[in-house]
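Take a look at the structure below.
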Amino acid sequence: MIKKILVTGSSGQIGSELVMALRSTYGGKNVIASDKCANASKKIKSSGPFEQLDVLDKDTMGSIIDKYQIDAIIHLAAILSAVGEKNPMLAWNININGLINVLELAREKELKRVLIPSSIAAFGPTTPVDNTPQKTILKPTTMYGVTKVAGELLADYYVSKYGMDIRGLRYPGIISNETLPGGGTTDYAVAIYFEAVKSGKFECFLSENTMLPMMYMPDCLKATIDLFHADFNKLKNHSDFNVGAFSVTPKLLAESIKKYMPNFEITYKPDFRQAIADSWPNSIDDSCAKAEWGWQPAFDLDAMTQDMLKVIEEKHKQGLI
Ligand code: SER
């Protein structure tokens with residue numbers, strides 16, 4: 001039984017919501033939020049412990065594990081694709097050396113479980129683009145993708161070499177309305193909703209027909225928690241599960257918004273992120289996740305659009321955005 005979980009990168013897009021979801025199951029004091037930045041949200045700080053932690057600082061990570069008697073880590077701290085292309089060595093350092101610190105401490109302190117995120121960025125231009133299989137060509141052309149492939153391999157190495165319980169999943173673009181994503185290529189799919197509500201128009205940094213796999217945050221939380229709770233003995237794959245929900249282009253996303261906001265306008269001005277998006281798949285085959293741990297998403301594009309607009313309109317009315 002897992003009793004105490006450390007979450008790294010807890011102020012990020014996924015971390016800020018995952019911590020709250022885990023706390024509602026495990027109890028506030030049993031989910032230790034941590035982030036490099038000391039300014040965690042009020043929600044995170046008032047509902048359980050928060051520790052400032054740079055994942056490159058192995059000693060501090062070790063002391064936090066001892067202090068709270070942590071038995072599992074969900075390691076979310078990372079540099080995303082667009083920031084990674086601007087600063088490749090930063091992406092390598094944080095994504096690889098941060099992960100090694102987590103894996104080594106988990107090994108040394110005999111933690112019961114580690115969950116690591118991978119991404120559709122593990123794929124590259126030579127990977128089959130449609131219904132991309134679980135086992136396929138992994139030759140990414142971004143530093144972020146290189147660190148994700150290396151991370152999957154490292155995690156699987158620790159599973160086979162040391163018999164450790166490590167799981168991971170390849171997130172698609174994650175769309176949410178609580179915390180903005182930090183420097184990814186799929187970020188347009190979040191910004192478009194905020195701009196739709198605030199100004200009724202959006203200039204997209206990807207071209208109109210760029211198809212990418214995406215997922216709404218409630219499904220992302222469900223995928224993460226379901227894999228975290230899966231029976232390890234039933235897993236044939238470990239650190240690299242494909243998970244999908246739906247695929248969308250900027251044009252289709254705009255059409256979905258127009259169903260509820262007919263005057264919404266979109267224009268396109270592709271930048272350096274277009275090349276990153278072009279190297280990623282259109283859609284994902286997640287049959288292994290479905291078969292091995294029962295993965296099933298709930299939200300399609302229009303269901304997500306309705307929910308996103310409702311929540312963001314309410315925030316706008318309250319003057320929060
Ligand atoms: N959403 C991520 C990014 O754009 C992909 O994992 O970098």
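For the numbers below, each heavy atom of this structure counts, side chains included, while hydrogens, waters and symmetry mates do not. Ligands are counted one by one from 1 in listed order, and the atoms in each one are counted from 1 as well. Position 1 is the first residue of the sequence; numbering continues from there.
The distance criterion of under 3.5 Å between nitrogen or oxygen atoms is met by Thr186 with respect to ligand 1. Considering both main-chain and side-chain atoms, Ser119 comes within under 3.5 Å of ligand 1 through a nitrogen or oxygen pair.
Ranking protein heavy atoms by distance to atom 7 (O) of ligand 1, first place goes to Ser81 OG, 2.6 Å. For atom 4 (O) of ligand 1, the closest heavy atom belonging to the protein is Thr185 N, 2.5 Å.
Taking a cut-off of under 4.0 Å to the non-hydrogen atoms of Leu80, the atoms of ligand 1 that pass are 7 (O).
Using bins of under 30°, 30° to 60° and over 60° for the plane-to-plane angle, the ring pair His238/Phe232 lands in the tilted bin.
Evaluated for a side chain to side chain donor-acceptor pair (under 3.5 Å) with Asn282, the options Thr249, Asp130, Asn131 yield exactly one hit, Asp130.
Contacts with ligand 1 closer than 4.0 Å are made by side-chain heavy atoms of Trp280 only, the backbone lying farther away.
Counted by atom type alone, Tyr216 and Asp307 present one or more donor-acceptor pairs between their side chains at under 3.5 Å. Looking only at atom types and distance, the side chain of Ser283 has no donor-acceptor partner in the side chain of Ser247 under 3.5 Å away.
A cation-pi contact, defined as under 6.0 Å to the ring centre and within 45° of the axis, is absent between Arg167 and Phe241.
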